[in-house]
Amino acid sequence: MTGLGWHLIRGYAILVYLFMFLPVAVVVLLSFNASQFGSFPMTGFSFRWFVELANNDAILRAFRTSIILGLLTALISTTLGVLASLALVRYRVPGANLVSTLLIAPILVPEVVLAVALLLFLNFLGINKSFTLLLFGHVIFTLPFVILVVQARLVAIRRDVEEAAMSLGASPIQTFFQITLPLMLPAVLAGALFAFTISFDDITGTLFWKPGGVETVPTQIFAMLRNSISPEINALGTVMIVMTVGLPLLGAAIARTLSKKSGL
Amino acid sequence: MSVEAREARQPWILLSPALSAVALLLFVPLLFIVVYSFWLRTSTGADQVGFYLDNWQEALTDAFYRDILLNTLKIAGITTLVCAVMGYPSAYFIARSRGNKAMLLLLLMLPFWISYIIRTMSWINILGVSGALNSLLLSIGLIGEPIQMLYNEVTVILGLVHFLLPFMVLNIFVSLDGIDTTLEDAATSLGATRWQAFLQVTLPLSLPGLAAGGLLCFVLGAGTYITPLVLGGPTDAMFANLVFEAIITQLNWPLGSALSLMLLAVLAVLVGIYNRYLGMAQLMKGLG
């Protein structure tokens, strides 16, 4: 397609891309600013804010909390999600549509409402604001995403490979671990990565569930913003950008290599 | 047990962990706050169990809550509109581009992966008193003093648009990409101009995607409280901020329950209307 209209659309789209990327680019740029204020003008290039970051105990603690929380969330969410996706893709489940909607429900409910309901109910049961509550919250919030991602990939796996294994004498359990699981691995990894990233980034629910004194990386940034925007926050932002953009790209690359190896 | 019965049970065994999680961590808690919203938080801080309508009366009749609810719907509505206006041409560009579509889409979806709190606070670097825009205007002599551009309703909407635009673009793209481009060619060969062909063929066919993106933007926008806290002023609280205040600051949990349910009810009506006319399948397409 050519013509003036198309040029206008392209120009418009470029502006939208700039709108999306410019603020993020400025965060990265300012994180290398030598000035002691987190703002313009740039006074020189420096790594000092990254060094300060690495020496900031509160931030390191927040990173540890976020990573442990993210890994446990990914582990539990992916296990539950993969089992449910297998059932939905591989079996004729009566009322499959209703079941799918129920499983997706946690993202249809506004996160604030989910956060309040979970906090008050578990508190009623005697589970106060704690790491456990955070973990429960993150699992229920990430589960629908895992199910959506895993289900989409599972559909693509051909059943006849499994049937061939079974007809050659493999038991259902052998077939699962030697055929199905390796074929599913990219889907499982994609789901886990999704769960980890969403958990790592979550702040809306986390602020309700976290006990006093415990911070995840986003809540730590939020607390630091209360004062003013320091160059350290920009440096932390750069680290987060590298992590959240780098990890999925890495995951996609691993998934591609794995699926190539398995010959699909 | 017969083989058939075992076959029939297997999917439910696989589904039971996830379904129990959703039941115990979402549905039962939601039912619980329905009950809780009729309890009373007494001045001693203890809950008085019973059936009191006080919280609901306060939530539904207090003009303060009503105004903020209306303001929240307004902000979410404007945000959705801006997302549609910015998102549609961009999605159209990606869907009809002869270049690498997947790459173009991935590029626009990239910010989706970048931390929400970082993206929100990044606007302080741009619009703050010592931010990029003020520095630029000062250096070219357009202004003599830095202007405070932050902490108002416009910056809240700006932050929300920046957060939600990828959802809109993705949904519109999915539906535009599924439209056979020869339809538009057929229309033009029958005498329609390109613009007419777009308005009468492509646009109507892509409306489901636009609606799905719009619903997501509206619901996510209306449920946020972080963006107003970071980019809004003292008077820019949204409804979710009231919930946060009631639950975390005032510790009035029964009132917080009633307010949460009010927000849920308003948004559920919207989702219900959407589901009635378009069905959930379109939404799932955009999410997967």
Side-chain angles (χ1 to χ4, degrees), chain A residues 1 5 9-10 12-13 16-17 20-21 23-24 26-27 30 37 39-41 80-81 83-84 86-87 91 93 99 101-103 105-106 108-114 116-118 120-121 124 136 139-140 143 148-149 152 197 201 203-204 208 218 221-222 225 229 233 237 240-241 244-245 248, chain B residues 10-11 14-15 17-19 21-22 25-26 28-30 32-33 36 86 89-90 92-93 96 107-108 110-111 113-119 121-126 128 130-132 135 162 165 194 219 223 225-226 230 240 243-244 247-248 253 256-257 260 263-264 267 271 280 284 287-288:
Chain A
M1 211 194 292
I9 291 172
R10 192 172 54 193
Y12 190 89
V16 171
Y17 275 89
M20 291 309 292
F21 280 96
V24 179
V26 169
V27 169
L30 284 176
F37 307 106
S39 57
F40 290 96
L80 299 182
L83 294 179
L86 269 175
Y91 294 88
V93 183
V99 173
T101 311
L102 289 179
L103 290 174
L108 298 178
V109 174
E111 200 185 341
V112 199
V113 181
L114 172 88
V116 169
L118 192 65
L120 302 196
F121 178 63
F124 178 72
F136 279 138
V139 165
I140 200 63
L143 184 60
L148 285 171
V149 170
T197 315
D201 188 31
I203 180 164
T204 303
F208 279 91
I221 295 175
F222 182 69
L225 279 175
I229 191 155
I233 302 185
M240 292 272 282
I241 291 166
T244 44
V245 174
Chain B
Q10 262 168 358
L14 293 172
L15 280 169
L19 281 176
V22 175
L25 300 177
L26 178 69
V28 177
L30 281 178
F32 176 74
I33 61 167
Y36 208 152
M86 288 179 76
S90 315
Y92 188 87
F93 167 73
R96 293 286 180 272
L107 203 60
L108 202 66
L110 211 56
W113 289 100
I114 296 171
S115 161
Y116 163 53
I117 184 78
I118 295 290
R119 276 196 288 155
M121 74 98 190
S122 71
W123 286 99
I124 301 177
N125 284 327
I126 305 278
S130 52
S135 302
H162 196 233
L165 189 58
R194 278 248 163 245
V219 170
Y225 67 94
I226 301 288
V230 176
V243 174
F244 187 76
I247 298 283
I248 301 294
W253 290 3
S257 301
S260 307
L263 182 65
L264 181 65
L267 297 180
V271 175
M280 277 331 217
M284 296 302 128
L287 283 171

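In what follows, every chain begins at residue 1, and chains take the letters A, B, ... in the order their sequences are listed. Here the structure is a predicted model, which is why all the values come from computation and not from measurement. The analysis underlying the following values was restricted to heavy atoms, covering all of them including side chains, and did not include hydrogens, waters or symmetry mates.
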Is there a side chain to side chain contact (heavy atoms under 4.5 Å, CB included) between B:Arg119 and A:Met20? Walk through the geometry before answering. CA-CA 9 Å; B:Arg119 276 196 288 155; A:Met20 291 309 292; 4.2 Å; yes
Contacting moiety of B:Phe93, where chain A heavy atoms sit under 4.5 Å: both
Candidate pair A:Val113 and B:Leu30, rule side chain to side chain contact (heavy atoms under 4.5 Å, CB included), full reasoning: CA-CA 8 Å; A:Val113 181; B:Leu30 281 178; 3.9 Å; yes
Contact part of A:Thr197 toward chain B, heavy-atom cut-off under 4.5 Å: side chain, backbone, both or neither? side chain
Part of B:Leu19 within contact of chain A (heavy atom distance under 4.5 Å): both
In terms of heavy-atom pairs under 4.5 Å with chain B, which of A:Tyr91, A:Phe222, A:Phe136 leads? A:Tyr91
Least distance between heavy atoms, B:Ala18 atom then A:Ala84 atom: CB-CB, 3.8 Å
Before we go on, tell me: are the rings of A:Phe124 and B:Phe32 under 6.0 Å apart, centre to centre? yes
Region of A:Val27 that comes under 4.5 Å of a non-hydrogen atom in chain B: both
Taking side chain as everything from C-beta outward and backbone as N, CA, C, O, which of these in B:Leu165 sits under 4.5 Å from a heavy atom of chain A? Side chain, backbone, both or neither. side chain
Between A:Val26 and B:Ser122, is there a side-chain heavy-atom distance shorter than 4.5 Å? no
I'd like to verify something: which residue of A:Ile221, A:Thr204, A:Val93, A:Ile241 has the highest number of heavy-atom pairs under 4.5 Å with chain B? A:Thr204
Against chain A, label B:Ile33 side chain, backbone, both or neither, depending on which of its atoms sit under 4.5 Å from a heavy atom there. side chain
For B:Tyr225, which atoms come within 4.5 Å of any heavy atom of chain A: side chain, backbone, both, or neither? side chain
Among B:Val230, B:Ile248, B:Val243, which residue forms the greatest number of heavy-atom pairs with chain A at distances under 4.5 Å? B:Ile248
So which part of B:Leu108 gets closer than 4.5 Å to some heavy atom of chain A, the side chain, the backbone, both or neither? both
Can you see which heavy atom on A:Ile140 is nearest to which on B:Val22, and at what distance? CD1-CA, 3.6 Å
Tell me if a side-chain donor or acceptor on B:Asn125 pairs with a main-chain N or O of A:Pro23 at a distance below 3.5 Å. no
Taking all non-hydrogen atoms of both residues, which atom of A:Gly237 and which atom of B:Ile118 are closest, and how far apart? CA-CD1, 3.1 Å
Heavy-atom closest contact (A:Ala87 atom, B:Leu14 atom, distance): CB-CB, 3.7 Å
Which is it for A:Leu114 and B:Leu25 under the side chain to side chain contact (heavy atoms under 4.5 Å, CB included) test, yes or no, and what are the steps along the way? CA-CA 9 Å; A:Leu114 172 88; B:Leu25 300 177; over 6 Å; no
Side-chain heavy atoms of B:Ile114 within contact of A:Asp201, under 4.5 Å: no
Side chain, backbone, both or neither: which part of A:Leu143 has an atom under 4.5 Å from a heavy atom of chain B? side chain
Applying side chain to side chain contact (heavy atoms under 4.5 Å, CB included) between B:Leu15 and each of A:Leu80, A:Leu103, A:Leu102, report the one that passes. A:Leu103
Does A:Tyr12 have its ring centroid less than 6.0 Å away from the ring centroid of B:Tyr92? no
Run the numbers on A:Phe21 and B:Leu107 for side chain to side chain contact (heavy atoms under 4.5 Å, CB included), then give the verdict. CA-CA 9 Å; A:Phe21 280 96; B:Leu107 203 60; 4.3 Å; yes
One option among B:Leu263, B:Ile117, B:Val219, B:Leu267 has the most heavy-atom pairs under 4.5 Å with chain A, and it is B:Ile117
Is chain B contacted by the side chain of A:Met240, its backbone, both, or neither, given a heavy-atom distance below 4.5 Å? side chain
OG on B:Ser260 to CG on A:Leu120, rounded to 0.5 Å: 7.5 Å
Please tell me if the side chains of A:Val112 and B:Phe244 come closer than 4.5 Å, counting only heavy atoms from C-beta onward. no
